[in-house]
Amino acid sequence: DHLMAVLVRPFLIDIGFSSLERGVVLALGGLGMSILGAYASGYAVNRFGLRMMLWTMVMLQILTNLGYVWLNASPTLPVFFVSVALEHVIGGMGAGVLATLLMAQTRAEFSVVQISLFSFLSGLLSLVAGPVAGFMVHAMGWGSFFMTTLVAGVPSIVFLALMLKN
């Protein structure tokens with residue numbers, strides 16, 4: 001997700017969406033759906049359990065990148081809105097599930113330090129992903145890049161399996 005997220009705005013500019021279109025869709029379909037997803041994650045974790053939601057969110061976050069494959073093939077405003085809305089509602093849910101996991105994995109007396117460290121490590125991926133993603137798009141184009149992000153999600157599945165095994 002970090003690999004793809006750093007280049008969403010340049011992608012949207014390249015395929016011709018105006019500043020107004022990007023602003024409206026990213027505000028409504030992005031921010032609004034992220035908040036909705038975060039709230040929905042609380043209900044989902046309570047209803048289905050953390051383990052099930054971790055698996056669900058890892059898979060769905062990888063699959064939402066298909067929305068950008070679709071948008072690359074059909075750069076219309078409705079496809080743009082649906083792609084952004086799906087990515088952000090799932091991203092909001094994923095963030096909520098991740099926060100639940102972090103709270104479950106920390107010890108109360110060290111929670112501030114542990115959560116800060118976990119958050120820092122997660123954000124570190126964005127710093128590394130930016131330059132790598134730019135070179136990838138330049139070398140292979142947007143469509144192939146977004147398909148590659150699906151494969152780049154496989155280590156997350158492996159990591160989750162190893163983490164839940166312990």
Side-chain angles (χ1 to χ4, degrees), residues 1-41 44 48 51-99 101 118-164:
D1 208 39
H2 288 290
L3 192 61
M4 187 215 55
V6 295
L7 289 180
V8 168
R9 279 190 171 73
F11 166 65
L12 296 173
I13 292 167
D14 278 1
I15 62 172
F17 288 106
S18 71
S19 296
L20 177 63
E21 291 167 329
R22 290 190 320 269
V24 169
V25 171
L26 291 171
L28 296 176
L31 179 61
M33 296 306 274
S34 292
I35 293 168
L36 177 67
Y39 278 109
S41 71
F48 302 109
R51 184 183 213 79
M52 173 62 80
M53 290 311 300
L54 283 167
W55 279 113
T56 302
M57 290 298 94
V58 164
M59 298 303 185
L60 288 177
Q61 284 197 295
I62 293 168
L63 291 175
T64 58
N65 293 357
L66 287 173
Y68 290 96
V69 173
W70 181 30
L71 184 57
N72 187 55
S74 179
T76 63
L77 209 48
V79 173
F80 178 24
F81 186 83
V82 169
S83 298
V84 167
L86 285 174
E87 178 198 357
H88 285 269
V89 76
I90 297 301
M93 287 183 75
V97 170
L98 179 61
L101 174 67
F118 291 148
S119 298
F120 166 76
L121 291 173
S122 176
L124 193 60
L125 289 173
S126 293
L127 293 174
V128 173
V132 171
F135 285 117
M136 289 174 68
V137 168
H138 183 73
M140 64 178 66
W142 289 113
S144 296
F145 169 73
F146 289 126
M147 290 302 289
T148 302
T149 64
L150 298 171
V151 176
V154 172
S156 299
I157 297 168
V158 173
F159 178 75
L160 181 60
L162 293 172
M163 184 189 78
L164 293 178

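Keep in mind it's a predicted model, so treat the numbers as computed, not measured.
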So, for Gly67 and Ser83, which heavy atoms are closest and what is the spacing to 0.1 Å? O-OG, 2.9 Å
How long is the straight-line distance from CZ of Phe80 back to CG of Leu77, given to the nearest 0.5 Å? 7.5 Å
Met140: which residues meet the side-chain contact (heavy atoms from CB on, under 4.5 Å) condition with it, sequence neighbours left out? Met136, Ser144, Phe145, Thr148
Heavy-atom closest pair (Leu150 atom, Leu63 atom, distance to 0.1 Å) is CD2-CA, 4.3 Å
Taken in chain and number order and not counting sequence neighbours, the residues that satisfy side-chain contact (heavy atoms from CB on, under 4.5 Å) with Met163 are Leu54, Leu101, Phe159, Leu160
Nearest 0.5 angstrom please: Trp70 CH2 to Asn65 CG, how far? 14.5 Å
Any side-chain heavy atom of Ile62 within less than 4.5 Å of one from Ile157? yes
Considering residues at least two apart in sequence or located in another chain, which fulfil the side-chain contact (heavy atoms from CB on, under 4.5 Å) criterion with Ala152? Leu3
Filter on side chain to side chain donor-acceptor pair (under 3.5 Å), then keep only pairs touching residues 20-35, sequence neighbours left out; what's left? Ser18-Glu21, Ser19-Arg22, Ser34-His88
Distance in Å, Thr76 OG1 paired with Phe81 CZ, rounded so as to fall on 0.5 Å steps: 12.5 Å
Between Arg9 and Leu26, which heavy-atom pair has the shortest distance, and what is it? NH2-CD1, 3.5 Å
Rounded to the nearest 0.5 Å, how far does CG of Leu86 lie from CE of Met33? 7.0 Å
Tightest non-hydrogen contact, residues Gly92 and Ser41, listed as O-OG, 4.4 Å
The reported gap from CG in Asn72 to CG in Leu12 (rounded to nearest 0.5 angstrom) is 10.5 Å
Between CD1 on residue Ile90 and CG on residue Leu60, distance to nearest 0.5 Å: 4.5 Å
For Phe48, what residues pass the side-chain contact (heavy atoms from CB on, under 4.5 Å) criterion, not counting sequence neighbours? Ala44, Met52, Met53
Can you list the residues that meet the ring pair (Phe, Tyr, Trp, His ring centres under 6.0 Å) rule with Phe146, with sequence neighbours excluded? Phe11, Tyr68, Trp142
